[in-house]
Amino acid sequence: MARALRAAVAAGRRGEVPVGAVVLGPDGAVLAVCGNRGRALRDASAHAEMLALRRAARRLGQERLAGCDLVVTLEPCPMCAQAASHFRIRRLVFGAYDPKGGGVEHGARVFEASSCHHRPEIIGGLRERACADLLRAFFAARRPL
């Protein structure tokens, strides 16, 4: 989670919503570290998770990430949760919960749907306070007084 948090901080410094993601290989090696880049790429799908999953798959030279873990600072949205399912990740670990936009423990609850083909192990709330504080500070700095 420390690497994901560093990627989130870097994303925030670039003016992106500070979310970071890391994909770990079956042996625990870091395959990809990414932060949000939606603004920079002008791409609404350029969430940290999507970028990290794609990069890891390219690095491994395959479309599935069986045995790999996705670590992200914020509960994935429905799009990213569905992508994690399609990539067949082994485990999803996330920091802050997202009652408004989450797709794992909140909202769509993608992995509970009968249409979901793969459900990873889920661990939520890892370093929750640090992850949530980073997001709160980012948005507080942008709100008018």
Colleague: Do any side-chain atoms of residues 124-133 form donor-acceptor pairs under 3.5 angstrom with protein atoms, and if so which ones, sequence neighbours left out?
Modeller:
from: Asp133; atom 1: OD1; to: Arg136; atom 2: NH2; distance (Å): 3.0

Colleague: Measuring from atom SG of Cys68 to atom CZ of Arg59, what distance do you get when rounded to the nearest 0.5 angstrom?
Modeller: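 Output value for this atom pair is 10.5 Å.
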Colleague: Under a 4.5 Å side-chain heavy-atom rule over Ile, Leu, Val, Met, Phe, Trp and Tyr, are Phe139 and Leu74 clustered together?
Modeller: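 Yes, same cluster.
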Colleague: Kindly work out whether a path of hydrophobic side-chain contacts (I/L/V/M/F/W/Y, heavy atoms less than 4.5 Å apart) joins Val71 to Ile123.
Modeller: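 Val71 clusters together with Ile123.
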Colleague: Taking ring pair (Phe, Tyr, Trp, His ring centres under 6.0 Å) as the cut-off, I'd like each qualifying pair that reaches into residues 104-137, sequence neighbours left out, listed once.
Modeller: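 Listed once each, the pairs would be none.
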Colleague: I'd like to check the side chain to side chain contact (heavy atoms under 4.5 Å, CB included) partners of Ala108; sequence neighbours left out, ordered by chain and number.
Modeller: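 If we apply the side chain to side chain contact (heavy atoms under 4.5 Å, CB included) test to Ala108, skipping adjacent residues, the hits are Pro78, Val110.
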Colleague: If you group Ile, Leu, Val, Met, Phe, Trp and Tyr by side-chain heavy-atom gaps below 4.5 Å, do Leu70 and Ile122 land in one group?
Modeller: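 They do share one cluster, since a chain of ILVMFWY contacts under 4.5 Å joins Leu70 to Ile122.
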Colleague: List the steps and the verdict of side chain to side chain contact (heavy atoms under 4.5 Å, CB included) for Leu53 and Ile89.
Modeller: CA-CA 9 Å; Leu53 291 165; Ile89 62 160; 3.8 Å; yes
Colleague: Which pairs with one or both residues in residues 69-92 pass salt bridge (Lys or Arg N to Asp or Glu O under 4.0 Å), sequence neighbours excluded?
Modeller: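 Checked against salt bridge (Lys or Arg N to Asp or Glu O under 4.0 Å) - neighbours excluded - the pairs reaching residues 69-92 are Asp69-Arg90, Asp69-Arg91, Arg91-Glu121.
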Colleague: Might you confirm whether atom CZ of Arg3 has over 12 heavy atoms from other residues, nucleotides or ligands at distances under 6.0 Å?
Modeller: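 Count not over threshold, so no.
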Colleague: Any side-chain hydrogen bond (donor to acceptor under 3.5 Å, both in side chains) pairs touching residues 42-56, not counting sequence neighbours?
Modeller: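 Sorted result for residues 42-56: Asp43-Ser45.
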Colleague: Let me check something: do Val104 and Leu65 share a hydrophobic cluster, defined by ILVMFWY side-chain heavy atoms less than 4.5 Å apart, either directly or through other members?
Modeller: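 As far as the 4.5 Å side-chain criterion goes, Leu65 and Val104 are connected within one cluster.
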Colleague: Checking Tyr97 now: which residues fulfil ring-ring contact (aromatic ring centres under 6.0 Å, His included) with it, not counting sequence neighbours?
Modeller: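 Listed in chain order: Phe94.
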Colleague: I'd like to know if the side chain of Arg58 reaches the main chain of Glu63, judged simply by a donor and an acceptor atom lying under 3.5 Å from each other, with no hydrogens or angles considered.
Modeller: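 The answer is no, because no donor-acceptor pair under 3.5 Å joins these two groups.
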Colleague: Show me the side-chain donor-acceptor pairs of residues 13-35 shorter than 3.5 Å, one per line, residues at least two apart or across chains.
Modeller:
from: Arg14; atom 1: NH2; to: Asn36; atom 2: O; distance (Å): 2.9
from: Glu16; atom 1: OE1; to: Gly38; atom 2: N; distance (Å): 3.2
from: Glu16; atom 1: OE1; to: Arg39; atom 2: N; distance (Å): 3.0
from: Glu16; atom 1: OE2; to: Arg39; atom 2: N; distance (Å): 3.3
from: Glu16; atom 1: OE2; to: Ala40; atom 2: N; distance (Å): 2.8
from: Asp27; atom 1: OD1; to: Ala29; atom 2: N; distance (Å): 2.9

Colleague: If hydrophobic residues (ILVMFWY) are linked whenever their side-chain heavy atoms come closer than 4.5 Å, directly or via other members, who joins Met79 in its cluster?
Modeller: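 Reading the cluster by chain and number, Met79 sits alongside Met50.
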Colleague: For Val72 and Met1, which heavy atoms make the closest approach, and how far apart are they?
Modeller: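 Answer, listing the atom of Val72 first, then Met1: O-CE, 3.4 Å.
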Colleague: What pairs meet the salt bridge (Lys or Arg N to Asp or Glu O under 4.0 Å) rule with one or both residues in residues 96-120, with sequence neighbours excluded?
Modeller: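 Passing the test, one end in residues 96-120: no pairs.
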Colleague: Is any side-chain heavy atom of Leu134 closer than 4.5 Å to a side-chain heavy atom of Thr73?
Modeller: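 The answer is no, as the side chains (C-beta and beyond) never meet within the 4.5 Å cut-off.
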